[in-house]
Structure formats: C-alpha cells, structure tokens
Engineer: 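Shown below is the structure under consideration.
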Amino acid sequence: MGHVRNYTMGDVLARYKAMTGHAVLHPMGWDSFGMPAENAAMEKKVHPGAWTRSNIEAMKKQLKRLGLAIDWSRELSTCEPEYYGHEQALFLDFYKAGLVYRKESEVNWDPVDMTVLANEQVIDGRGWRSGALVERKKLNQWFLKITDFAEELLEGLESLDKWPDKVRLMQENWIGKSKGLKLTFNLTGTHDGIDVFTTRPDTLYGASFVAIAADHPLAQSLAENAPALQDFIAECKRGGTTAAELETAEKMGFNTNLTVEHPLDPSWHLPVYVANFVLMDYGTGAVFGCPAHDQRDLDFARKYKLPVRRVVAEGDVTDSEFDGDVAYTGPGRIVNSDWMDGMGVDEAKAAIIAKAEQEGWGEGQTQYRLRDWGVSRQRYWGTPIPIIHCEFCGVLPVPRNELPVKLPEDVSFDIHGNPLDRHPTWKHVKCPNCQEPAVRETDTLDTFADSSWYFIRFASQPDDKPFDKEEAEAWLPVGQYIGGIEHAILHLLYARFWTRALQKVGKLDFAEPFAALFTQGMVTHETYQINRPPTEEEKRVFGWTDDAATESVTEWLSPEQIERHGDRVVEVGTGRAVKVGRIEKMSKSKKNVVDPDPMFDQYGADAVRWFMLSDSPPERDLEWSESGIEGTWRFVNRVWRLVDGLEAAEGEDKALDKSLHRAIAGIAADIEALHFNKAVAKVHGLVNDIEKAAPSASRAAAIRTLPLLVAPMLPHLAEEAWVALGNDGLIAGQPWPSHDPALLIDDEVTIAVQVMGKLRDTLTVAKGSSKDALEALALASEKVQRAMDGASPKKIIVVPDRLVNIVI
RNA sequence: GCGGACGUGGCGAAACCGGUAGACGCAACAGACUUAAAAUCUGUCGCCCUUUGGGCGUGCGGGUUCAAGUCCCGCCGUCCGCACCA
C-alpha cells in the first residue's frame, strides 16, 4: 500500500500536468538488486533472479490495475545486465577520473557464519542467524570520493528551494562542515607528535588528556609490545559499526602511560589514552579532552579521575574547579586561560588559531563529517565491480568491450560467504595486460549506486551507452521527485554526488538531479498479536519440555485473521483474544499489511486511489481503515449518480456557478501544491453543492465539468462519465477547465466583532466597507452593547473585511 | 549519544501574513423510505453550565500582543534518521 500511495500521488500530478498542456515523462523502474532477494534465496531455496523477476511481474500487474498513466516503454530493472552493464561503464569513467579508490575499512563480521553482515543483520551486537557476537573486521574495499564534492554538495542545497527545508537541513548536518584548529601535541621527550583536530580551540587551557582511536597508527604500534593494549583494542572492536552503537557504548579508555606537552606550556604534560569513542574516520583520529565543556570528555574524565578545569564562565561562575556531571557547552567569557581571559568564545577561537599559525604548532582547518562512500558489498545480488586483480600488473579495469561483467547464474546459498568468491570458475580470468591468470573483483556495488542514476536512464536509453547527453538534458533535471523521508540523506545525497561526478567526467551538464522533492508519509495499520501454545514442531526445534511448553508463543496476526465483536477482538476461527498493538508502518514481518488486489476487486482502483489521497496530508502517515475505504467507495458512487441522473434544465444558479469556478481554481492550486487532501475536500464541497442545487443550466454545466475535475484522481470513473455524457475520445486528452476569475470574488463578507478579544457577534457587510462604517455597525450591535455593559470604548481595532475588536 | 520532526473533537484533519478554531471526511446517534435489512436521503455531533445566553477549549507551564493553534522561553510525550535495509 505504501507504493500504491506514492505512485497515486505521482500519477495525479502527471495526469493533471498533461491536462494543463505539459509534456510529461512518467516512467517506472525496479530497484531490484539487494539483500531481500538473497534472504529469500536462503530461506526459500529460490534463485534471487527468479524471485526478483516474479515479484516484479506481480507488482507490475498491480500497478497496472491501479491505472497509472506510465510510459512502460521506458521500464527498466537494475538487476538486468542491460542496466548494470552501463553502470559498470560509468564506474570505470569515475575510476579513470580518480573518483574511485581502495582502502581498508571495517565491516560487521560474523565469526561463526564467516560472513559480512549488514547493520540490520546485527541485533543486540549478535549475528541474526548465528547469534554469534559480531566483530569489526578490516577489509580492503572500494570507495567513491564523495568528499571531493563536500563543499559543492553543501552549497548546492541553497539552490534547492523546492525541497523540504527539513531534508536540506538533514543533508547539511550530514555533511557536517566545521571550522576548527588542527594542532600537534609533542610526545614528551621525543620529536614525534599527535595531530589533533578540534572545533573548540578556545578550551585548550581546559585540556586534561589526549585520546586516540583504537585504529590510530600510534595505538597500533604501541600494541605490538603490549598484550594488555592488544586486548583493549580487541575489546573496542567488539560490537557493531553503527554510529548509534559506537556513541552509546560505555566510554572506555586505556592509559598508554605516554604523555604529551601542552602547546601553550611545554612543562604541562597530559596523559595519552586509547579510547573507544574516538573515531579514526573523522578528523585525525585523535582528540584532546576538555571535560568541563564536552559531555563525552566529562564522562571519561570522571571515570578515570582526570582533572576537570573550567575555562568558559557559566554566568558568573568562574571557579577553576568544575563540579557536577553536566558539561557546560554554552557561550560565556573565557576564564582560567592566561592571556585569553575575558574573551568571548568566538573571539578566543580566532585568537588561538592565529597564535597557533604564527608559532607554527597548528593551523586553522575546515573539516567535514561526510565520509567517502564505501560501495563494496561482499554479496552476490548486486552489480559486479568491473575490476581485475593481477598478481603482476596490479588492479586493472575490465576492458570496455568486455562489459557487461555479468553475474553467474549457477550459484548456491547453502553455505555462507560471498557466492561470487566461492564460484569455481567465474572469477578466474586472464589479465587483460599480461595474459597471466588473474582474478575478478568479487565485491558488488552498493545498491545505492543503482539508484543514483536510473532517472537519467529513464530520460534516455540507447543500447551502446548509458545515456545520450542531449536527450537526457532535454528532460532532466527531474521536475517532481516523490519518495519517502527515509531517503532524505543517503539516496538523495548519493544521487546528487553521482550527477556531479558525471558532470565532472563530461557526461552531463547539470549538477542537481531533482529540482523539486516531496517526501510522502507511510501507510500504517494497527498490529495484532495473540499468545498461543507452541506446536509440536516448535517444541522439538527449541527443545522445550512439556512443562516449559505451557508457556505460550506470541505471534503476529494479519488484519484478515481477526474479527471484532463490539470492543472485543478475537482470532477468526479459534476465538482467542487478540492483543491490539500500535499503529505501525505496514510491514510483512508484523503482518499488518493490506494487499491491494482484494481491494481493487471489491471497491475498484478509483476508490483505493481516492482513499490514498483523502484526509491525511500527503507528507504525513496515512492509516488504512476498512470504514475509510468504504467511505471513498460511497463517494465514487455518488459522483456516478450525479452524472447518470443528469437532466437538461434552464436557468442560472449564481451560487452554484461560484462554487464550480472556485472548485476549478482551488483544486488546480491544491494539486499543484501537492495538497491532495485539500483538493479532495474541495471536490466534496462541490459535489455537496451540486446535490443540494435545484435543476438549472448551471447545475448541468457543473455536472458536465465534474469528471474533468476528478480525472487526475479517479481516471476510470472519469472516462466512463465522459462517454456517458456523450463526449468523444478520452478525457485524458482534454484540457483542464478554465475558470472565470470574477466569480472567485465575493461582494459580501462576514466579519467578526470582538469585545476585549472575545467574539460577540458576526456581521455580513459589503466587501471593502470603510473602517468608520464597520466601527459604527459593530458598536450598534445589540450583542456588542450587552457585552460592553455600558463601558465606553478605549480603543477600536478594525481590520477591513476581517474583524472589529473593541477594547474597553 | 547525535540529528530531524510532530502533538487541534471519538478518529483523519482544515484554519493563507497573528484576526470568527474545528471546513471536508470517517465513526456514532436520531429520523425518513422499507414487511425487514442493505443502499439512499434528512438532521445532530468539542466539553461544561443556570441553554434566544454564558464559561472553558488546539500536549503542559509561562511570556509578547487589542488579538496566539500560529510568535518567544521552558517542559512533557511520540515518531523518524544515523553511512552494509532500500
């Protein structure tokens, strides 16, 4: 249903835009590589390709029933070599341009299944199938240099004025530009130093330790002769790789017993720790800790009993000794900092950067939180990375005339690990340079690569290259992109990067792929659970004894498996009590899904479409309900009855004319703004007015116009109505009806009359009445006089055509 | 932990630049039609009271203003994202 909602919105817009004279390209494709297919292969013993293609067929059938005005001639599927072969060509273009490189990076490693796990396959620090404690392991992996574009991607956000502010802000934070100081702490008694990046150089006098990442070269070299440190580093590597896990893990440190000199006072020595909360990927992999003004540093300092020195005054508190467990990160005057005392935070930052640069122990630097895009996946169901590794010639691109590098079909998922790596023949090739035996790269590309350029392929799809520049540029950038908020950062940022990368290698001449973005809400439904005794099978598998087996198993139920008797909810058939759970996004795992097909059967596609557009604003979640779909079905029938019962009549109905012309203008404006729920409300309003009106020429005209107004939303009904009203051809080709602007203006308005801000009366007056006239009318009102209770007005506020407020 | 949002009747919501809170729909209730039911149609529908009137009301507590759902400050609650799900 989530897709149904998404595509219905796009379809309404596409149909409306066509009616208003625009050339519309409304294509459909399948982002069809990825883990679900491999999971299905493991669980159901089907080939990922067969599983994927049959899903696509089923979904396509469903979308066709929904009545989408889609140009199916441009359909594409990312798992077919006709698509991913071109992607491999683009990858090689990027490789040639220096936008691709290899480096070591950590993955979640399941030591039992001997396989790499995705973050979602790590549950509470354990592998989802094996239950083994997950470790972090380093592998050589491929990266795209998105950081080369960090500044551009940040600046580009400003031009995206048709994107939600929220998404732009999320991307801005993701890129995470920060200005600070990179400085070197000299290791006491040596000529070596530790480079540290800080955004708070103003707190340098509050430093009480230096911490380095477990992967930091210094930590690694110290560990060579220190088993305790080796153990500590191993400890740090336990657990997942996600930011949430790393940052919520308990702060741990290992004292190296080394010290560094404070750059502003070489006689002041700070201890050096290896710490689990310092990330090698960000900055220099080392930080200095100022506990009084950073929460993480404070937690760490309290745990290891390190000094906590206040260097920013909190209000008038300036004591050197810092109490409490909440760091102060707000503004204030610098204190206890020698020559910086009395400066503001920003002033101090600038001053110390200047001093560091002058004295040569540091320099001002801009850092980005954005990391390069790791595109390697140790999986089968993805685009093979077109690279060959030769023992003698090194890393070589696959020759262009050998593309596409196709996935082998004969693979098995019986044992773990990457099937491409295990395949007996696939990876063994001759080196294109020296002809000696060599091996293919067995990593495949992140599926985000597939979704980073599919919109270009929609616009232009020649056989011999990924796209034709002129043809693609004729359509692009995308005029309106509709997707879920879950894509706010990664997909949208990668696609923006990919487009820029194409621009850099000369394939395209624009930077931003999506001119306008809309993020729609999810379709949700209640969840249902029952407790039931275990089956014999479950007892056997889980080794439950008969005693233990009296404990019940909790199971999700689908909406068809429950029925209501008043307030009671029970399971169909068994009558067991059902626990009604939270309203959540429809998902197969919680079984709270509603299959569109039976709904099409029962109510028709138009009623389903209307439901998707009604009530909830499109950016918010929509709760599916049985009574809701019945309501929309009734409405579709009402429209049909109006058309079916049309009688020719004479005479003008001015009020209905106004209602019609307002609806024409209002519905158009709402669709343009993607306020589909408001457009639906306006259609309801018009239908109500038509039903109430007596027969007249105006009423007949309104009924004849109605199908055009609902055509983008209810295309099937509209076509039927069009024919029933005696018109030729398809309504889909008709222009949107025009409206008379004169009919949108009222000659009378109802204004509010308040006494002391409270509503006491309303008055209907001629539009544009003078302030004096409104004031006089308001004071003359009996209700107003009663409310004033003899008091005399002190002040009267008059907002023409709006209200009068009398202050006494 | 960091970042982002959201909170209005029984429910989904609307309310443009601060100017009549609750348009429109769902559910519910009453009535008409019917032998009956469904469908359809008509009406009621934020809460409270001393009911041609009045008081209260947009998560909670403050503030600004003639006037606050809307602006400001502080809370509370819920949801989403966090780089190998897509």
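The chains referred to below are lettered A, B, ... by the order of the sequence lines, with proteins before strands, and numbering in each begins at 1. Computed from a predicted model, the values in this text were never measured in an experiment.
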Engineer: Looking only at atom types and distance, does a side-chain atom of A:D421 sit under 3.5 Å from a main-chain N or O of A:T442, one as donor and one as acceptor?
Structural biologist: no
Engineer: If pairing requires Watson-Crick or G-U wobble contacts with both distances under 3.5 Å, which nucleotide is the partner of B:C45?
Structural biologist: none
Engineer: Among A:W640, A:W610, A:Y603, which residue meets the ring pair (Phe, Tyr, Trp, His ring centres under 6.0 Å) test with A:F635?
Structural biologist: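 Going through the options one by one, the only one that passes is A:W610.
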Engineer: Could you check whether A:N805 gets within reach of a base, just the sugar-phosphate, or nothing at all, counting any heavy atom under 4.0 Å?
Structural biologist: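 If one applies the 4.0 Å heavy-atom cut-off, A:N805 turns out to touch a base.
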Engineer: Side chain of A:E584, base of B:C79: donor and acceptor closer than 3.5 Å?
Structural biologist: no
Engineer: So A:V116, base contact, sugar-phosphate only, or nothing? Heavy-atom distance under 4.0 Å.
Structural biologist: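 If one applies the 4.0 Å heavy-atom cut-off, A:V116 turns out to touch a base.
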Engineer: Got a salt bridge between A:D110 and A:R126, using NZ or NE/NH1/NH2 to carboxylate O under 4.0 Å?
Structural biologist: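 Answer for the salt bridge query: no.
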Engineer: Enter syn or anti for the glycosidic conformation of B:G9, syn applying to angles within 90° of 0.
Structural biologist: syn
Engineer: Between B:C41, B:A86, B:C84, spot the one nearest the side chain of A:H487, thanks.
Structural biologist: B:A86
Engineer: Could you check whether the side chain of A:Q378 and the base of B:C84 have a donor-acceptor pair of N or O atoms closer than 3.5 Å, going by distance alone?
Structural biologist: yes
Engineer: Could you tell me if A:R638 and A:N688 have a donor-acceptor pair between their side chains, going purely by distance under 3.5 Å?
Structural biologist: yes
Engineer: For A:Q754 and A:M756, indicate whether the former's side chain and the latter's backbone hold a donor-acceptor pair under 3.5 Å.
Structural biologist: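 Pair absent, no side-chain N/O of A:Q754 close to backbone of A:M756.
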Engineer: Under 3.5 Å, side chain of A:W51 to main-chain N/O of A:E38, donor-acceptor pair present?
Structural biologist: no
Engineer: Can you name the atoms? Protein N/O to nucleotides 12-15 of chain B N/O, anything below 3.5 Å, with the distance.
Structural biologist:
from: B:G12; atom 1: O2'; to: A:S616; atom 2: OG; distance (Å): 2.8
from: B:G12; atom 1: N2; to: A:D615; atom 2: OD1; distance (Å): 2.9
from: B:A14; atom 1: OP1; to: A:N677; atom 2: ND2; distance (Å): 3.2
from: B:A15; atom 1: OP1; to: A:K678; atom 2: NZ; distance (Å): 2.6

Engineer: Is there any protein nitrogen or oxygen under 3.5 Å from a nitrogen or oxygen in nucleotides 51-59 of chain B, and what are the pairs?
Structural biologist:
from: B:G55; atom 1: OP1; to: A:R760; atom 2: NH2; distance (Å): 3.4
from: B:G55; atom 1: OP2; to: A:R760; atom 2: NH1; distance (Å): 3.4
from: B:C56; atom 1: OP2; to: A:K758; atom 2: NZ; distance (Å): 3.2

Engineer: Please compare A:R802 and A:Y494 by the position of their nearest nucleotide in RNA chain B and report the one closer to 5'.
Structural biologist: A:R802
Engineer: Start at the 5' end of RNA chain B and walk down; is the nucleotide closest to A:I806 or to A:G628 reached first?
Structural biologist: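 Result: A:G628.
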Engineer: Determine the Euclidean distance between corresponding C1' atoms of B:G69 and B:G46; express it in Å to zero decimal places.
Structural biologist: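 Going atom to atom, C1' in each nucleotide, I get 15 Å.
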Engineer: With no hydrogens and no angle check, just 3.5 Å: does a side-chain donor-acceptor pair link A:Q295 and A:D299?
Structural biologist: yes
